[in-house]
Amino acid sequence: MGIAKESVVEAIENALALLPAKEIENLLEVPPSADLGDYSFPCFTLAKKMRKAPAIIAKELAEKIPQDDLFNRIEVVNGYVNFYLDKGHLANKLLPKIKKEAMKYGQSDEGKSKSVVIDFSSPNIAKPFSVAHLRSTVIGHSLSRIWEHMGYKVERINHLGDWGTQFGKVIYAYKNWGDEPSSYSKGSIRHLLELYVRFHKEADQNPSLDDEARLWFKRLEDGDKEAYVLWEQFRKTSLDSLVEVYELMGITFDHYTGESFYNDKIPGAIEKLQPFMKESEGAEIVELSDDMPPFLVRKSDGATLYGTRDLAAAIYRQETYKFAKALYVVGGEQALHFKQVFAVLKKLGYDWADNCEHVPFGLMRFGDMKLSTRQGNVIFLEDVLAKAIELTKSIIEEKNPNLDNKEEVARAVGVGAVMFNDLRNNRIKDINFEWDELLNFQGDTGPYVQYTHARACSLLQKGGVPEAANLSLLQEEEEKVLVASLERFPEVVAQAAKGNEPSTVARYSLGLARDFNKFYQAHRIADAEEEVAKARLMLVDGVRQVIALSLYLLGIEAPEKM
RNA sequence: GCGCUUGUAGCUCAGCUGGAUAGAGCAACGGACUUCUAAUCCGUAGGCCGCAGGUUCGAGUCCUGCCAAGCGCACCA
């Protein structure tokens with residue numbers, strides 16, 4: 001909670017002596033327009049409890065609230081008590097605080113000595129990293145930082161899809177067609193994709209290929225040497241190329257524990273399941289409530305499924321990390337799967353199943369069709385990033401040809417544009433992959449926020465960062481808006497964490513950037529009258545800091561020049 | 001057929017968990033660079049919030065029913 005909001009809540013709590021602070025905090029809202037104040041307390045819900053008209057409650061409440069330095073005006077309108085913050089006074093408290101706390105501003109101790117494990121990215125290995133995987137990667141990375149800001153110890157887990165029937169397919173394809181001429185070098189990730197696509201094409205004509213693939217996977221699970229060597233080779237090739245992309249985006253993991261990691265933990269998990277297992281059509285299942293299909297433990301050929309591995313993984317993670325929360329950043333199309341997995345955990349008597357949460361997101365589409373690896377209908381993420389970086393370079397040549405480290409800035413901005421594009425909207429929305437939109441750096445985009453940050457840096461370089469200033473001088477409308485916005489930042493982070501919704505931070509950063517650019521447009525800063533310049537520069541520094549921090553929470557870099 | 005998700009400006013989306021006059025960006029049109037980075041800013045235009053009921057002081061937001069789109073519904077992940 002921001003410092004001003006905190007005092008408003010406290011003032012209401014004391015004057016009202018009826019509701020706990022928590023409830024007041026929930027009721028308190030930000031009015032739709034600035035001339036209605038900065039915080040507003042609606043009295044409608046109290047009307048029943050107090051058996052009085054809202055307007056009367058509001059009036060009496062307002063009268064009981066003592067004078068406070070922070071809010072210089074309280075007004076009653078239509079059953080609302082509106083608080084107007086004294087921005088000068090607020091700035092005097094807030095800006096030094098932001099300066100001091102820097103990247104720690106808005107941190108919470110909510111998660112002190114608790115951990116949250118976040119399962120994200122988790123691409124299928126032996127397949128190229130496509131833009132479809134971008135979503136989980138970028139959202140999960142941002143959530144990791146957001147939860148860290150909430151004080152939690154975060155375990156970033158890349159649950160690589162490095163086990164399963166698809167390996168049977170690739171092995172089969174590689175053995176049968178791997179030596180045929182290809183435009184890609186043998187065994188490379190693009191070559192493997194080519195084989196994978198061909199497998200599906202041929203399997204459509206000849207379904208017995210699917211049996212062959214299942215057989216190869218079964219051999220792999222049974223420890224067949226030939227299958228294992230090929231699997232290892234494919235895994236390494238894929239992982240190497242994955243890590244390259246992660247490095248480009250500045251994304252890291254604490255654990256690369258993929259599905260294969262749980263192989264030796266499967267028997268233990270199955271043993272726990274034993275009392276609930278049934279045989280059905282040759283397969284082994286656990287029946288769940290009527291509204292859900294049964295959970296498959298083992299296929300009729302005895303091989304395991306990814307659900308079984310998810311189960312073993314959840315148990316392992318609880319034992320190893322004692323998580324307070326486990327998040328699965330996985331597409332919405334797997335909602336039923338996770339519902340089943342959590343239900344099975346519950347059935348096993350694990351109460352912590354309630355702390356497991358599927359964090360779904362919408363599909364990435366390309367034109368009318370779903371991107372499908374099987375049909376070879378993929379857009380490689382590395383190609384997208386390369387194109388974005390390329391475009392950024394040409395923009396730099398045009399706008400700022402004397403820039404020092406062009407390569408590095410082009411990478412940060414190009415990659416930032418792609419990542420921001422994925423974080424801007426509520427994650428549940430489907431995304432249409434549009435080159436034009438992705439490569440447009442104007443308006444609500446990552447580069448816009450980064451540009452604003454660079455602008456602020458540039459001002460500070462020119463005017464310097466004052467140690468102190470008379471911040472009561474910040475009385476212009478554009479300045480007040482910025483101060484109020486900076487005060488709300490802690491709330492924004494908390495809200496983003498609560499909803500596992502990075503877009504909350506993205507939207508906030510856009511709004512802050514917009515307000516800053518208006519301010520920049522309307523007033524001289526570095527060359528204003530000395531005392532005013534000092535106050536404004538301190539405000540600029542506060543904005544610079546909070547934009548940098550917002551971008552950090554989104555997992556995006558903030559170059560000082562661009 | 002059943003379940004989940006989504007429907008808000010021409011397009012892409014916000015809308016603080018039921019509050020005040022529904023807001024941004026893109027695209028279009030018209031303006032602002034001898035001045036701190038124009039990747040910017042200002043202005044104009046654009047709306048039966050899918051449709052119909054209901055709940056109450058009050059509904060884009062909650063409930064019910066339709067309509068439309070997407071995703072799922074045991075041996076893929």
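Naming: A, B, ... by sequence-line order, numbering from 1 per chain. Quantities reported herein were computed from a predicted structural model and do not represent experimental measurements.
- Classification of A/Asp422 and A/Arg135 as a salt-bridged pair holds, one side-chain N sitting under 4.0 Å from a carboxylate O.
- Checking A/Thr304 against A/Glu221 by side-chain atom types alone, a donor-acceptor pair falls below 3.5 Å.
- Contact between the side-chain N/O atoms of A/Ser458 and the OP1/OP2 oxygens of B/C36 is not found at any separation under 4.0 Å.
- Checking B/A20, B/U40, B/A39 against every side-chain atom of A/Val77, the shortest atom distance belongs to B/A20.
- Counting distance only, with no hydrogens placed and no angle test, the side-chain atoms of A/Tyr306 and the base atoms of B/A77 include a donor-acceptor pair under 3.5 Å.
- The shortest distance between the side-chain N/O atoms of A/Arg536 and the OP1/OP2 oxygens of B/C36 is not below 4.0 Å.
- Checking B/A24 for Watson-Crick or G-U wobble geometry (two distances, each under 3.5 Å) identifies B/U12 as its partner.
- With rounding to the nearest 0.5 Å, the separation of CZ in A/Phe361 from CD in A/Glu501 is 12.5 Å.
- Comparing the P positions of B/C4 and B/U40 gives a spacing of 43 Å, expressed to the nearest Å.
- Taking only side-chain atoms of A/Ile428, from C-beta outward, the nucleotide of B/C71, B/U6, B/G72 with the closest atom is B/U6.
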Pick out the pairs of N or O atoms, protein on one side and nucleotides 10-18 of chain B on the other, that lie under 3.5 Å.
from, atom 1, to, atom 2, distance (Å)
B/C13, OP1, A/Asp430, O, 3.3
B/C13, O3', A/Asn425, ND2, 3.4
B/C13, O2', A/Asn425, ND2, 2.7
B/C13, O2', A/Arg507, NH2, 2.4
B/A14, OP1, A/Asn426, N, 2.9
B/A14, OP1, A/Asn426, ND2, 3.0
B/A14, OP2, A/Lys429, NZ, 3.3
B/G15, OP2, A/Asn426, ND2, 3.3
B/C16, N3, A/Val30, O, 3.4
B/C16, N4, A/Val30, O, 3.0

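- Of the nucleotides present, none pairs with B/G18 by Watson-Crick or G-U wobble criteria with both distances under 3.5 Å.
- With hydrogens and angles left out, the side chain of A/Thr165 and the base of B/A77 share no donor-acceptor pair within 3.5 Å.
- Here B/G23 presents its P atom at 16 Å from CZ of A/Arg514, a figure rounded to the nearest Å.
- With both ends at atom P, the span from B/C2 to B/U8 equals 25 Å, rounded to whole Å.
- Counting to the nearest Å, the P atom of B/A74 and the CD1 atom of A/Ile285 are 12 Å from each other.
- Between B/C41 and A/Tyr448, a contact under 4.0 Å exists linking OP1 or OP2 to a side-chain N or O.
- With the nearest nucleotide of RNA chain B identified for both A/Ile395 and A/Asp527, A/Asp527 has the one nearer the 5' end.
- Between the CG atom of A/Leu510 and the C1' atom of B/A24 there is a distance of 9 Å, given to the nearest Å.
- With both ends at atom C1', the span from B/A22 to B/G3 equals 32 Å, rounded to whole Å.
- Taking atom C1' in both B/G10 and B/U5, the straight-line distance is 25 Å, to the nearest Å.
- The closest donor-acceptor contact from the side chain of A/Tyr84 to the backbone of A/Ala34 lies at 3.5 Å or more, if one exists at all.
- For A/Asp162 and B/A77, a side-chain-to-base donor-acceptor distance below 3.5 Å is absent, hydrogens and geometry of angles not being considered.
- With a glycosidic angle further than 90° from 0, B/C57 counts as anti.
- Going from the P atom of B/U61 to that of B/C16 covers 12 Å, rounded to whole Å.
- Side-chain atoms of A/Ser503 and A/Asn425 include no donor-acceptor pair closer than 3.5 Å.
- Listed pair A/Lys518 / B/U40 fails the phosphate criterion, with no side-chain N or O lying under 4.0 Å from OP1 or OP2.
- A donor-acceptor contact closer than 3.5 angstrom links the side chains of A/His337 and A/Asp310.
- Judged by distance alone, the side chains of A/Glu478 and A/His523 do bring a donor and an acceptor atom under 3.5 Å apart.
- Side chains of A/Ser40 and A/Asn82: a donor-acceptor N/O pair is present below 3.5 angstrom, by distance only.
- The cationic atom of A/Arg488 (NZ for Lys, CZ for Arg) lies less than 6.0 Å from the six-membered ring centre of A/Tyr39 and within 45° of the ring axis.
- Distance A/His337 NE2 to B/U5 C1': 18 Å, rounded to the nearest Å.
- Considering only side-chain atoms of A/Asn517, the nucleotide from B/G72, B/U40, B/U21 that sits closest is B/U40.
- Distance from the side chain of A/Arg214 is smallest to B/C76 among B/C76, B/G70, B/A24.
- Atom CD of residue A/Glu479 and atom CG of residue A/Asp515 lie 12.5 Å apart, to the nearest 0.5 angstrom.
- Rounded to an integer number of Å, the gap from A/Leu220 CG to B/C76 P is 15 Å.
- Judged by Watson-Crick or G-U wobble contacts below 3.5 Å, the nucleotide B/A52 has B/U64 as its partner.
- Atom P of B/U6 sits at a distance of 10 Å from the matching atom of B/A14, rounded to the whole Å.
- With a cut-off of 3.5 Å on both Watson-Crick or G-U wobble distances, the partner of B/U5 is given as B/A69.
- Taking the C1' atoms as reference points, B/G70 lies 23 Å from B/A74, given to the whole Å.
- Side-chain atoms of A/Ser280 lie closest to B/A74 of the nucleotides B/A24, B/A77, B/A74.
- When the C1' atom is used for both B/U35 and B/C48, the distance is 49 Å, rounded to whole Å.
- Under the Watson-Crick or G-U wobble criterion, with both distances below 3.5 Å, B/C29 is paired with B/G43.
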